[in-house]
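Structure first, then comments.
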Amino acid sequence: MLGLEISNLVEIFSKGKRRLSFDVIVYGHLIATISAKCEGHRLLWHEATIEGFDDFTPKDRYLIENKVHGQGSPKARKYSLH
């Protein structure tokens with residue numbers, strides 16, 4: 001997926017579980033907002049909530065995961081929900 005960017009990356013920790021929420025931008029246009037549980041560097045797509053375009057191919061999902069984890073934790077905001 002050319003022109004792919006990830007923005008507004010947020011990590012949420014709740015009861016020992018990690019969840020990521022982020023926007024998917026393609027060529028400057030917001031196409032989806034995704035919230036998904038995360039195990040290591042894998043997003044659990046079968047449990048993801050996707051608003052907007054949601055017809056991502058396995059290759060698209062792989063590229064999105066790489067972009068998300070390429071941003072690194074320092075840019076992500078961290079919240080803890082009890």
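Computed from a prediction, not measured in an experiment: that's the story for all the values here. Numbering of residues begins at 1 and proceeds along the displayed sequence.
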| Under the 3.5 angstrom rule, does the side chain of T57 hit a backbone N or O of D60 as a donor-acceptor pair? | yes
| Considering all heavy atoms, the nearest F56-R61 contact | O-NE, 3.6 Å
Could you tabulate the donor-acceptor pairs under 3.5 Å formed by side-chain atoms of residues 22-30, not counting sequence neighbours?
residue : atom : partner : partner atom : Å
D23     : OD1  : T33     : OG1          : 2.8
D23     : OD2  : N8      : ND2          : 2.6

| message | Once rounded to the nearest 0.5 Å, what's the spacing between atom CG of L4 and atom CG of L63? | response | 6.5 Å
| task | Kindly compute the distance separating CD1 (I6) from CD (E65), expressed to the nearest 0.5 Å. | result | 10.5 Å
| query | Is any NZ, NE, NH1 or NH2 atom of the basic residue among R18 and E11 found under 4.0 Å from an Asp or Glu carboxylate oxygen of the other? | reply | yes
| What closest approach, in Å, do C38 and L20 show between heavy atoms, and which atom pair accounts for it? | SG-CD1, 3.9 Å
| message | Would a single hydrophobic cluster contain both V68 and L44, if residues Ile, Leu, Val, Met, Phe, Trp and Tyr are joined by side-chain heavy-atom contacts under 4.5 Å? | response | no
| said: Using only atom types and a distance under 3.5 Å, with no angle test, would you say the side chain of E51 pairs donor to acceptor with the backbone of A32? | reply: no
| message | Suppose we screen for ring pair (Phe, Tyr, Trp, His ring centres under 6.0 Å). Which residues come up paired with H41, at least two apart in sequence or across chains? | response | H69
| task | Could you list the residues that satisfy side-chain contact (heavy atoms from CB on, under 4.5 Å) with R19, not counting sequence neighbours? | result | I12, S35, K37, T49
| Got more than 12 heavy atoms from elsewhere within 6.0 Å of CD, E39? | no
